[in-house]
**Q** 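Here it is, the structure in full.
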Amino acid sequence: MDQIIKRFCARIDFESYEDFKENFDITTPANFNFAYDVVDEWACIEPDKQALVWCDDRAQKTFTFADIARLSNQAANLFSEHGIGKGDIVMVMLRQRWEYWIIATALCKLGAILSPATIQLTAKDILYRLQSSGARALVALDDDYVVKQCELALESPTDIVYKLLVDKHTDNPNWDDFSTLLASQPEQFERPHGEAASQNSDTMLIYFTSGTTGLAKMVMHDFTHPLGHILTARYWQQVQENQLHCSVSDSGWAKFGWGKIYGQWICGATVFAYDAERFDAKALLQRIEQYQLTTFCVPPTMYRMMLTEDVSAYDLSSVQTFTTAGEPLNPEINLQWQKATGKLIREGFGQSEGPVLLATFSWLTPRPGSMGKPSPLFDIELLDDNGQPVGDGMDGSICICNLDLRFPPGLFVGYYQDEEKSCEAVGGKYYNLHDLAWRDVDGYYTFIGRDDDVIKSSGYRIGPFEVESALAEHPAVLESAVTAVADEIRGSIVKATITLQAGYVASDELAKELQEHVKQVTAPYKYPRIVEFVDQLPKTVSGKVKRAEIRTVDAGGVWEGEASVR
């Protein structure tokens, strides 16, 4: 048991959070390569060990680590045959198709750079990604919308030299068929040596940030990045060897890397993937019950959607740990989940730029509304505008400090082809996440909001999350987004954009009722002076509410960032 993780961690068991924080460490081997040193090693040690249980609404497939090793060898040969090698960027748009795991592992073996993308992107978004990254190959799901958007994007100049379709069922002559060509490739692929081998400092992965405030940046991770997700998988999600773990995420999101491949496979867990074409709360609850999942992680939005169903009607007793990340989880939602399942959800916090940074680890009692405490390896402080630490109970920017002394594995190394922004972000003593939080006397951190989301009204600083959490306690509110609107007298006033639960109808009376509710739940000055009811909030493809888009439209501007989810 734990044969792989012990190669990177001198200790894996701890008596308390304090013991964990003080003594956990990761030893990074020279030329670490996740594909060879984790996937192929499991295939050698335990070839029949389950790596992946995949299903959609029609079929199921199960893959051992020996299967993943063999198929990724074939995929590496296929890409190599078409000129894709070390340092080449390959953009992959596959939802949760099982082929993603094969391709991601193959590109790692080649030393190529994986750039995941969601299938919900428009042609404009795709073209931006292809041109700004200089991607050499494109792998896409054979879906009418996806193929159309890709082909519209490719009408403009790009560096693409090779295109593959997965699950190809059309006669489109412009794309090769991944499955057919994969089967024809040799099952052996020799690990590169010398200059052809990947180095720890080489770029392995590029995430495009979700574009909540404008065009996406290219977050660059090196080959040590998967090791940082030992923290994410073992100590926050609490995955167990040979047991099923499910994180619900499109492969285009960084959350996929958090929950569906790197840390989970290092820990020897079996990844469970339900490749649904769209989110269906009932269907997901049925899969948890049917497959007897052991650990489970979804964004807060999905917990909210599942709670619109009768959660207690499903047998979820196999799940030992529920976790969430992506956006703050409203305390009321956590308490409702506990009522339905008997378990509180353990919140985690981080970015595309790293692994879990703060979390309610196994030794900590979940506190609804709190993100938990800092991860080991990351010297996290709350700093003021002058870069000085703030005290308990005071607002500060979450910062990873002492980067000049040690750069922790898992943290991004910069923004691709942007040396100035890279140096500004991680070239000094600390990395400022530009997320505001406060810390209580017990060391638990509570999220306030992005620094550009915090509302300054009549001298008060108002965090949108607190107002949104107050609104979430009202039975009429399904979701809300709290933003600032310019005001000549107060500077800014609070606006709430709200979607309603089924059975409620928007009205002036309901708006007034919600305003009074907020005044009763939190400080009266925080109540929304403007209430707007909408059918749907603008969101990124990763499910985050785009408050910047709401602010831009309210100010009479035109949103220039990525399109919202349709």
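Sequential numbering from 1 along the given sequence is applied to the chain's residues. None of these values were measured; they are calculated from a predicted model.
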**Q** Taking all non-hydrogen atoms of both residues into account, name the closest pair between D88 and G85 and its distance.
**A** OD2-N, 2.9 Å
**Q** Go through the steps to decide whether L94 and W101 satisfy the test side-chain contact (heavy atoms from CB on, under 4.5 Å), and finish with yes or no.
**A** CA-CA 10 Å; L94 291 182; W101 284 264; over 6 Å; no
**Q** Below 30° counts as parallel, above 60° as perpendicular, anything between as tilted: where do the rings of Y235 and F20 land?
**A** tilted
**Q** Would the distance check show the side chain of H229 and the main-chain N or O of H225 forming a donor-acceptor pair, the cut-off being under 3.5 Å?
**A** no
**Q** Are N73 and K109 close enough that a side-chain donor and a side-chain acceptor fall under 3.5 Å?
**A** yes
**Q** Applying side-chain hydrogen bond (donor to acceptor under 3.5 Å, both in side chains) to N23 and D19, what does each step give before you reach the verdict?
**A** CA-CA 6 Å; N23 296 304; D19 183 22; 2.7 Å; yes
**Q** Indicate yes or no for a side-chain donor-acceptor contact from T232 to the backbone of P355 under 3.5 Å, with no hydrogens or angles considered.
**A** no
**Q** Within the structure provided, determine whether L227 and F32 are in side-chain contact (heavy-atom separation under 4.5 Å).
**A** yes
**Q** Can you confirm whether L138 sits close enough to C150 that some side-chain heavy atom of one is under 4.5 Å from a side-chain heavy atom of the other?
**A** yes
**Q** Hey, are R11 and E22 close enough for a salt bridge, meaning a charged N less than 4.0 Å from a carboxylate O?
**A** no
**Q** Taking the six-membered ring of Y415, is NZ or CZ of K217 closer than 6.0 Å to its centre and within 45° of its axis?
**A** yes
**Q** May I ask you to decide whether R95 forms a salt bridge with D56, counting only side-chain N to carboxylate O separations under 4.0 Å?
**A** no
**Q** Please check if the distance between the ring centroids of Y431 and F412 is under 6.0 Å.
**A** yes
**Q** Could you report the tightest heavy-atom contact between F8 and D37, atom names first, then the distance?
**A** CZ-O, 4.3 Å
**Q** Please tabulate, one pair per line, all N/O donor-acceptor pairs under 3.5 Å involving side-chain atoms of residues 257-267, not counting sequence neighbours.
**A**
{"from": "W258", "atom 1": "NE1", "to": "G354", "atom 2": "O", "distance (Å)": "3.1"}
{"from": "K260", "atom 1": "NZ", "to": "Q96", "atom 2": "OE1", "distance (Å)": "3.2"}
{"from": "K260", "atom 1": "NZ", "to": "S247", "atom 2": "O", "distance (Å)": "2.5"}
{"from": "K260", "atom 1": "NZ", "to": "F272", "atom 2": "O", "distance (Å)": "3.2"}
{"from": "Q264", "atom 1": "OE1", "to": "K260", "atom 2": "N", "distance (Å)": "3.4"}
{"from": "Q264", "atom 1": "OE1", "to": "I261", "atom 2": "N", "distance (Å)": "3.1"}
{"from": "Q264", "atom 1": "NE2", "to": "Q237", "atom 2": "OE1", "distance (Å)": "2.7"}
{"from": "Q264", "atom 1": "NE2", "to": "W258", "atom 2": "O", "distance (Å)": "2.9"}
{"from": "W265", "atom 1": "NE1", "to": "A51", "atom 2": "O", "distance (Å)": "2.9"}

**Q** Short question: side chain of N402, backbone of Y430 - any donor-acceptor pair under 3.5 Å?
**A** no
**Q** Hey, are N242 and K49 close enough side-chain-wise for a donor-acceptor pair under 3.5 Å?
**A** yes
**Q** So does D67 get a backbone contact from the side chain of T64, meaning a donor-acceptor N/O pair under 3.5 Å?
**A** yes
**Q** Examine distances only and state if a side-chain atom of E381 and a backbone atom of C401 form a donor-acceptor pair shorter than 3.5 Å.
**A** no
**Q** For atom NZ of K421, is the number of surrounding heavy atoms from other residues, nucleotides or ligands below 6.0 Å larger than 12?
**A** no
**Q** What verdict does the side-chain hydrogen bond (donor to acceptor under 3.5 Å, both in side chains) test give for E151 and N172, after you've listed the backbone C-alpha separation in whole Å, the side-chain angles of each residue and the deciding distance to 0.1 Å?
**A** CA-CA 11 Å; E151 293 189 339; N172 191 324; 2.9 Å; yes
**Q** Cut-off 3.5 Å, side chains only: do Q320 and Q243 have a donor facing an acceptor?
**A** no
**Q** Check whether any side-chain N or O of N33 sits under 3.5 Å from a backbone N or O of C108 as a donor-acceptor pair, and report yes or no.
**A** yes
**Q** Is it true that, when you exclude Q188 itself, more than 12 heavy atoms of the residues, nucleotides or ligands shown sit nearer than 6.0 Å to its CD?
**A** no
**Q** Show which side-chain atoms of residues 179-186 pair as donor or acceptor with protein atoms under 3.5 Å away, not counting sequence neighbours.
**A**
{"from": "T180", "atom 1": "OG1", "to": "D177", "atom 2": "OD2", "distance (Å)": "2.6"}
{"from": "S184", "atom 1": "OG", "to": "L181", "atom 2": "O", "distance (Å)": "2.7"}
{"from": "Q185", "atom 1": "NE2", "to": "E81", "atom 2": "OE1", "distance (Å)": "3.4"}

**Q** Using a 6.0 Å distance limit plus a 45 degree cone around the ring axis, check whether K163 lies over the aromatic ring of W175.
**A** yes
**Q** Check whether T323 reaches the backbone of F296 with its side chain - one donor and one acceptor, N or O, closer than 3.5 Å.
**A** yes
**Q** Are the charged groups of D2 and R234 less than 4.0 angstrom apart, N to O?
**A** yes
**Q** Do I126 and T122 come close enough that some side-chain heavy atom pair is under 4.5 Å?
**A** no
**Q** Using distance alone, with no hydrogens and no angle criterion, decide if N77 and S80 have a side-chain donor and acceptor under 3.5 Å apart.
**A** no
**Q** D275 vs C55, test: side-chain contact (heavy atoms from CB on, under 4.5 Å). Steps then yes/no.
**A** CA-CA 6 Å; D275 185 26; C55 70; over 6 Å; no
**Q** Roughly how far apart are T324 OG1 and M371 CE, rounded to 0.5 Å?
**A** 13.0 Å
**Q** Could you walk me through whether D250 and T118 pass the side-chain hydrogen bond (donor to acceptor under 3.5 Å, both in side chains) check?
**A** CA-CA 6 Å; D250 183 301; T118 175; 3.2 Å; yes
**Q** Is the ring pair Y17/F361 parallel, tilted or perpendicular, if the boundaries are 30 and 60 degrees?
**A** parallel
**Q** Check whether any side-chain heavy atom of V90 sits under 4.5 Å from a side-chain heavy atom of V139, and report yes or no.
**A** yes
**Q** Of all heavy-atom pairs between W236 and T360, which one has the smallest distance, and what is that distance?
**A** CD1-O, 4.0 Å
**Q** Assess the residue pair D176 and K168 against the criterion (side-chain contact (heavy atoms from CB on, under 4.5 Å)); give the C-alpha distance rounded to whole Å, side-chain angles, the decisive distance to 0.1 Å, and a yes or no.
**A** CA-CA 9 Å; D176 280 351; K168 188 176 182 184; over 6 Å; no
**Q** Run the salt-bridge test on R287 and D57 with the 4.0 Å N-O cut-off and return the result as yes or no.
**A** yes
**Q** Where do A69 and D40 come nearest, in terms of heavy atoms and distance?
**A** CB-OD1, 3.3 Å
**Q** So D222 and S201, side-chain hydrogen bond (donor to acceptor under 3.5 Å, both in side chains) or not? Walk me through it.
**A** CA-CA 5 Å; D222 64 20; S201 59; over 6 Å; no
**Q** Under 3.5 Å, is there a donor-acceptor pair between the side chain of S397 and the main chain of H434?
**A** no
**Q** Would you say the side chain of D144 lies within less than 4.5 Å of the side chain of Q149, judging by non-hydrogen atoms?
**A** no
**Q** Going through the distances and angles, do M204 and S198 end up as a side-chain contact (heavy atoms from CB on, under 4.5 Å)?
**A** CA-CA 9 Å; M204 183 195 87; S198 64; over 6 Å; no
**Q** Does S375 use its side chain to pair, donor to acceptor, with the backbone of V356 at less than 3.5 Å?
**A** yes
**Q** With the side chain counted from C-beta on, respond yes when F256 and Y100 share a heavy-atom pair under 4.5 Å apart, and no when they do not.
**A** yes
**Q** Any side-chain heavy atom of F208 within less than 4.5 Å of one from L121?
**A** no
**Q** I need the single residue from V426, N432, L357 that forms a side chain to side chain contact (heavy atoms under 4.5 Å, CB included) with I400. Which is it?
**A** L357
**Q** For residues F65 and D48, determine if any side-chain heavy atom of one lies less than 4.5 Å from a side-chain heavy atom of the other.
**A** no
